[in-house]
*Asks:* 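Before we start, here is the structure in question, set down as structure tokens.
Indexing begins at 1, ligand by ligand and atom by atom, following the structure's order.
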Amino acid sequence: MLWGSRFDKKFNDKALKFSSSFAVDVLLIEWDIKVSKAHANMLYKIGILSNEENELIQKGLGLILQRFNNGIWNPDTTKFEDIHSAVEEELTNTIGDAGKKLHTARSRNDQVITDVRLWMKSSITILLNNLSEFQNSLLNLAQSNIKTLMPGYTHLQRAQPISLAFHLLAYVEMLERDKMRFQFSFKQADESILGACALAGSTIKLDRKMVAEELGFSSVSRNALDSVSNRDFILDFLNAANIAIMHLSRFSEELIFWTSAEWNFIKLGNEFTTGSSLMPQKQNPDIPELIRGKTGRVYGNYFTLLTIMKSLPLSYNRDLQEDKEGMFDSFNTISDSLIMMSELVKSIEVNKDRYYNEINGSFMLTTDLADYLVIKGVAFREAHNILGRIVKYAAQENKKLNELSIEEYKKFNRIFEDNVYEYLSAETCLENKKTFGSPNPEMVENNIKKWKEKISNILT
Ligand code: ARG
């Protein structure tokens with residue numbers, strides 16, 4: 001126990017079990033050892049530790065990590081409040097009295113959150129890579145579907161034809177914004193707070209810059225009180241996770257739709273679908289369903305921490321120990337979901353001709369016909385009105401737009417000419433799009449190329 005002497009009674013066993021965070025923060029061991037090593041090096045530099053003591057501490061800490069990783073050191077989780085106290089006690093057991101000097105001018109309040117900051121920086125690096133891998137999978141699928149037509153929807157009503165590639169590129173954009181949010185939270189985490197001590201720094205003149213440099217932090221925090229109680233950077237991380245899982249959930253939902261008999265647009269690889277214990281014919285899209293389902297826990301983790309922080313007086317309060325479980329969980333959930341989704345996308349088979357006939361000459365091209373009239377000088381509102389009447393007429397006649405004769409068109413307006421049919425074909429409807437950011441195949445191809453260049457630089 002780190003604080004026994006002031007107390008008459010040993011800490012109650014049940015209370016220790018209740019209050020221990022060991023089972024959760026044991027994940028921080030690698031970072032905890034790094035932080036302790038940097039702290040000891042600094043204590044040596046400022047004359048608190050002798051060279052010999054520091055060397056003992058460095059070796060001892062290295063040995064503890066090694067023994068832990070090899071399963072030789074199995075700390076009794078019921079005996080410790082957290083990984084930090086377990087390592088400290090083990091150090092003294094391993095190297096003797098020198099170990100007792102390690103905690104000079106350090107509190108677990110600054111230690112724990114320094115560990116978390118390092119964990120977070122490394123975890124975000126992993127997530128950024130997962131996001132790029134997923135973008136890459138989407139781009140590969142987009143590449144072979146630049147001209148694969150599908151209905152674009154608003155209000156879940158068929159609106160205008162687009163391509164599958166264009167649809168997938170929308171997700172590539174979303175994922176890029178996810179990266180930006182994680183990069184922002186990386187920057188928020190990238191500050192050394194070690195030396196804040198319990199809440200007010202120390203009378204010992206610590207070299208905080210040296211510690212920051214050894215640990216790879218790019219700056220040193222300015223206010224000790226804020227340093228030990230700040231969890232904003234975790235909230236930023238959890239919020240980046242919120243939005244990322246929301247994107248994954250939207251995509252999951254679409255994949256689920258597209259695999260249904262009603263859509264019949266794609267097939268997920270057999271190796272990623274499950275059967276039914278009762279209905280022999282079923283192939284279920286469990287993976288996207290689970291990703292969609294996991295959105296709840298990620299949102300929940302954000303809300304848990306936001307609630308913990310509400311009304312917490314400065315500075316450290318034990319409530320803050322509850323900050324880690326959701327953070328680890330959101331990381332694992334996002335990382336696993338991204339990896340799963342990248343694999344799943346690689347297995348997708350597209351029914352490329354699925355919508356050709358349904359789009360060719362269909363009402364989804366009505367807006368393009370309105371543009372046709374506008375180019376010929378008709379005011380847009382007037383064009384809209386004419387096309388509204390044409391669609392009504394065609395629906396009554398049970399005809400598609402390309403099944404109306406030029407005479408029928410001319411009845412609505414003399415300005416229609418034979419070239420109207422060029423606007424009504426599934427072959428040309430995407431090519432006809434002129435605006436930057438539209439599903440025009442040449443533009444989409446260009447976009448894919450640019451994204452691929454950008455992402456291959458990151459992934460190699
Ligand atoms: N287990 C604690 C946590 O994760 C460590 C800090 C404890 N500090 C204290 N003053 N009891 O927050």
*Asks:* Are any non-hydrogen side-chain atoms of Asn440 and Lys434 less than 4.5 angstrom apart?
*Replies:* no
*Asks:* Give the atoms of ligand 1, by number and element, whose distance to some non-hydrogen atom of Glu81 is under 4.0 Å.
*Replies:* 1 (N), 2 (C), 7 (C), 11 (N)
*Asks:* Check ligand 1 against Val112 and write out every atom of the ligand that is under 4.0 Å from a heavy-atom position of the residue.
*Replies:* 4 (O)
*Asks:* Enumerate, atom names and distances included, each donor-acceptor pair closer than 3.5 Å involving a side-chain atom of residues 147-158, sequence neighbours excluded.
*Replies:*
residue: Thr148; atom: OG1; partner: Asn145; partner atom: OD1; Å: 2.6
residue: Arg158; atom: NH1; partner: Glu358; partner atom: OE1; Å: 2.5
residue: Arg158; atom: NH2; partner: Glu358; partner atom: OE1; Å: 2.8

*Asks:* Does this structure show an ion pair linking Lys346 with Glu343, if we count only N-O contacts that are shorter than 4.0 Å?
*Replies:* yes
*Asks:* Work out whether the distance between some heavy atom of Lys324 and some atom of ligand 1 is less than 4.0 Å.
*Replies:*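 A heavy atom of Lys324 does come that close to ligand 1.
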*Asks:* Check ligand 1 against Asp82 and write out every atom of the ligand that is under 4.0 Å from a heavy-atom position of the residue.
*Replies:* 1 (N), 2 (C), 5 (C)
*Asks:* Is the shortest N/O to N/O distance between Asp25 and ligand 1 below 3.5 Å?
*Replies:*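 No, since none of the N or O atoms of Asp25 sits under 3.5 Å from an N or O of ligand 1.
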*Asks:* Ignoring hydrogens and angles, state whether a donor on the side chain of Asp368 or Asn432 is under 3.5 Å from an acceptor on the partner side chain.
*Replies:*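 Side-chain D/A pair, Asp368 to Asn432: absent.
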*Asks:* Are Glu176 and Lys179 ion-paired here, with the side-chain N under 4.0 Å from a carboxylate O?
*Replies:* yes
*Asks:* Which of the atoms in ligand 1, numbered in the order shown and given with their element, are less than 4.0 Å from a heavy-atom of Ser21?
*Replies:*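 Within the 4.0 Å cut-off of Ser21, ligand 1 contributes 1 (N).
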